[in-house]
Number of protein chains: 2
Amino acid sequence: MREVFHEELDGITASLVEMTSLVASAMARATTALLDADLQLAEQVITGDATVDLLRDEIEERAFDVLTRQSPVATDARVIVTTLRIVADLERMGDLALHVAKVARRRYPGKAVPPELTGTLTEMGQVAQRIVAKAGSVVASRDTELASEIEADDDAMDHLHRQLFRVLLEKPWSHGMEAAIDITLCGRYYERYADHAVSVARRVIYLVTGEK
Amino acid sequence: MREVFHEELDGITASLVEMTSLVASAMARATTALLDADLQLAEQVITGDATVDLLRDEIEERAFDVLTRQSPVATDARVIVTTLRIVADLERMGDLALHVAKVARRRYPGKAVPPELTGTLTEMGQVAQRIVAKAGSVVASRDTELASEIEADDDAMDHLHRQLFRVLLEKPWSHGMEAAIDITLCGRYYERYADHAVSVARRVIYLVTGEK
């Protein structure tokens, strides 16, 4: 019984890793769409979110099926419940990439990001990619060594988020209110995306070490 | 066995209703703190969030305990998994109230909301209260009749959210960038708060009707 359980669990973990790749790619493309005002890419991310949601539904059904059909022991049940939480985080990360893409689309053919913030937003996109890649590794390998790295990356994201506000507040702003609103919202989307990736990693680490 | 299960489930449902009241009260006080620049109230909400988190931990442990000790049948397991999801929504609603309170605290003794937006923010606070109250009723009574009302309230929230942006964009804005950022973020916090309350109601309705 436990052997079947672990086989099914391996399958579910593989799907979780796949879902992590999907939301990583979505945010990478959304960032390019935002910075380059690339409408086609933005549309790709927006329509592509349905694939993320489908994969979520599929993983949830499989996890639930294992949970109820196999009456797992407490430790194994905890793995399943954690899986369901990770799926929820990943689905939300897909939504946040979609929100970034929608900002790009709304401002097309204009650019949502003014020149003095291109650097900061580019870095936020890069940090997002670093964090989600590590979260994926943690899911795949349960490598808890990555934990401290991910916390440092999250600090970097928070730092960039504050820097965004500093540019908005400290210098005279000549790009109008719409750009200010877009930047404020995008800043929030990247920060939340990183938070969810950190949360994915923390959940796995909690499973392995029992420490929150 | 199933009788014990249902007794424990009733206890968990009572705690969920209590948690809904806590996050409703948190957002009500955060709204007053925001509109009246009431620092004491803001601090209350900020420190009070720990109570919400404690209740979440307690409900999660109890739900998990029922799930693993009682090997529930599939329908009952689905109730537990749904409970865990509702708890996550409610915890996030508590966080969003905390974020609103933090905006109020950061701007104290100033007011974060300029006069021409006081009406809209007041209404957003009221709609938030209506939605969370109904979500609480749905949790307590499983009254699916409330479903359509909640969707209409959510539409009202989206309408107010757009109105907020219209004021920011259409009229000359004389309150500076900090106020614009605060309003943009608070708008997002109320909208997300309502989304999570709608999600709570939908999850219960899904349990009762099997329809998503």
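Chain naming here is simple, since letters A, B, ... match the order of the sequence lines and numbering starts at 1 in each.
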[X] [atom1] to [Y] [atom2] distance, which is reported to the nearest 0.5 Å:
X	Y	atom1	atom2	answer
A:F64	B:T82	CZ	OG1	7.5 Å
A:L84	B:R85	CG	CZ	5.5 Å
A:Y189	B:R188	OH	CZ	4.0 Å

For this session: Take B:L169 and A:I181, measure what side-chain contact (heavy atoms from CB on, under 4.5 Å) needs, and give me the verdict at the end.
Result: CA-CA 9 Å; B:L169 287 169; A:I181 292 173; 4.1 Å; yes
Problem set entry | Carboxylate-amine/guanidinium proximity below 4.0 Å for A:E60 and B:R78 | no
Problem set entry | Non-hydrogen atoms of B:A77 and A:T68 that approach each other most closely | CB-CG2, 3.3 Å
For this session: Please test A:L67 against B:L67 for side-chain contact (heavy atoms from CB on, under 4.5 Å), starting from the C-alpha separation and ending with a verdict.
Result: CA-CA 9 Å; A:L67 190 63; B:L67 190 63; 4.0 Å; yes
